[in-house]
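In what follows, every heavy atom counts, from backbone to side chain, and hydrogens, waters and symmetry copies are set aside.
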Amino acid sequence: MAAQGKLRLGVNIDHVATVRNARGGGYPDPLRAARAAQEAGADGITAHLREDRRHITDADIEGLQEVLTVPLNFEMAATEEMQAIALRHKPHAVCIVPEKREERTTEGGLEVAREENRLAHFIAPLREAGSRVSIFIAADQRQIEAANRIGAEVIELHTGAYCDAYAEGHWEEAQKELQKLEEMSKFAHDLGLEVHAGHGLTYDTVSPIAAFPEVQELNIGHFLIGEAIFLGLGPAIAEMRRLMDDARKG
């Protein structure tokens, strides 16, 4: 049976930190953004501590754990440094993502199938520490099967290819990517994995993904922080929440 119920919204606050770090100092404060997101209806907060600390910092992670009343989803690369940080903080969830220093944003899903043994050993201590482990992957059956084999409880499907095709007006390609996401959501759910999705989602692209009954959480950041410039963070999140809820009901 497909998953049902309210679709959760995780708000990624990385790019509040990006703006702060552009000038130095402490403004705008990602912790203030996290509190505002909670008040606006976010079900969780996502933060990616990159190896080069280009936006979120170690102090931000410590602060978030002190102020949050909703779960923290800690995005990180599969490195010894990040594993040690996650084991020290023990966040509610740890999402393993690919990371290259030269990339502007996460460019694709994690290659799990080629690194099963290493990743299985990497995530085992995180699970033992009590964090739910999620793997950020493409909508690809081979990668989903590998994520299941290594002991991940959750997968997050990379929606970037769909969103990029839509933004560029390549409607046929966007539809193909959407169909792939739908099929792989069902496949992963049938394996017993919890299914999340995210990357590049906007008001224009969120509804079809939100309508998939197997998807239980969407993680959205860059677009919401951008819309907050024009609408304010609370209203920007509220509109995304409305679109998600309407799609789910529909």
Side-chain angles (χ1 to χ4, degrees), residues 7-19 46-48 50 52 54-56 73 75-77 95-114 134-144 146-147 154-188 195-212 214-231 236-237 239-244 246-248:
L7 178 60
R8 299 190 301 270
L9 171 60
V11 174
N12 186 313
I13 59 164
D14 290 355
H15 295 296
V16 177
T18 300
V19 176
T46 294
H48 183 175
R50 282 182 172 267
D52 62 7
R54 71 176 68 168
H55 36 61
I56 294 295
N73 177 34
E75 288 189 348
M76 65 181 214
C95 185
I96 312 300
V97 302
E99 184 174 313
K100 293 185 290 187
R101 288 181 183 272
E102 66 272 17
E103 69 186 2
R104 291 186 180 182
T105 184
T106 306
E107 294 176 348
L110 194 68
E111 175 51 65
V112 188
R114 286 204 301 262
S134 173
I135 307 290
F136 187 68
I137 54 177
D140 179 274
Q141 181 171 328
R142 181 166 163 265
Q143 301 299 336
I144 293 169
V154 182
I155 61 159
E156 181 167 339
L157 294 176
H158 188 299
T159 56
Y162 154 64
C163 293
D164 289 346
Y166 185 97
E168 293 162 9
H170 301 151
W171 313 122
E172 188 173 327
E173 183 182 344
Q175 192 58 41
K176 287 180 181 177
E177 292 295 336
L178 191 61
Q179 183 176 352
K180 191 188 307 180
L181 287 162
E182 182 176 23
E183 291 171 354
M184 290 301 102
S185 296
K186 292 176 181 176
F187 179 76
V195 183
H196 299 178
H199 199 82
L201 292 170
T202 69
Y203 293 152
D204 292 330
T205 56
V206 71
S207 294
I209 304 292
F212 298 161
E214 297 83 8
V215 175
Q216 297 188 44
E217 180 174 305
L218 299 180
N219 284 296
I220 305 174
H222 184 267
F223 174 79
L224 288 174
I225 302 308
E227 280 299 291
I229 296 171
F230 306 103
L231 303 178
I237 291 171
E239 175 61 9
M240 187 64 77
R241 174 84 266 169
R242 182 189 70 78
L243 290 167
M244 288 166 57
D246 286 352
R248 200 62 156 204

Nearest atoms (heavy-atom pairs only) where Ala247 meets Ser207: CB-O, 3.4 Å
SB check Arg142 Asp140 (cutoff 4.0 Å): no
Euclidean distance, Ile209 CD1 relative to Leu243 CG, rounded to 0.5 Å: 13.5 Å
Straight-line distance of Gln143 CD to Glu111 CD, nearest 0.5 Å: 4.0 Å
Residues Glu177, Lys180: salt bridge by 4.0 Å N-O rule: yes
Gly200 to Thr205 - nearest heavy-atom pair and separation: O-OG1, 4.1 Å
Residues, nucleotides or ligands: over 12 heavy atoms within 6.0 Å of Arg114 CZ: no
Derivation and outcome, side-chain contact (heavy atoms from CB on, under 4.5 Å), residues His196 and Val215: CA-CA 5 Å; His196 299 178; Val215 175; 5.7 Å; no
Check: Gln175/Gln179 side-chain N/O donor and acceptor closer than 3.5 Å: no
Gap separating the CG atom of Leu7 from the CZ atom of Phe212, nearest 0.5 angstrom: 11.5 Å
CG-CZ distance between Asp14 and Arg50, expressed to the nearest 0.5 angstrom: 8.0 Å
Atom pair OH/CD1 of Tyr203 and Ile220 - distance to nearest 0.5 Å: 9.5 Å
CA sep, side-chain torsions, deciding dist, call: Leu157, Ser185, side-chain contact (heavy atoms from CB on, under 4.5 Å): CA-CA 8 Å; Leu157 294 176; Ser185 296; 3.4 Å; yes
Minimum-distance pair of heavy atoms, taken over all atoms of Ala17 and Ile56: CB-N, 3.8 Å
Closest non-hydrogen atom pair between Tyr162 and Pro208, with its separation: OH-CG, 3.5 Å
Mutual orientation of the aromatic rings belonging to His199 and Phe136 [parallel < 30°, tilted 30-60°, perpendicular > 60°]: tilted
Pairwise distance CG(Asn73) to CD(Glu217) - rounded to 0.5 angstrom: 6.5 Å
side-chain contact (heavy atoms from CB on, under 4.5 Å) between Tyr166 and Thr202, worked out: CA-CA 10 Å; Tyr166 185 97; Thr202 69; 5.9 Å; no
Intermediate values then yes/no, side-chain contact (heavy atoms from CB on, under 4.5 Å), Val206 and Met244: CA-CA 7 Å; Val206 71; Met244 288 166 57; 4.0 Å; yes
Test: Lys176 and Glu173 ion pair at under 4.0 Å: no
Contact summary for Ala147 and Val112, nearest pair of heavy atoms: N-CG1, 3.8 Å
Heavy-atom closest contact (Leu201 atom, Phe223 atom, distance): O-CB, 3.4 Å
More than 12 heavy atoms from other groups under 6.0 Å of CD on Glu172: no
Distance-only polar pair, side chains of Thr46 and Asn12, donor-acceptor under 3.5 Å: no
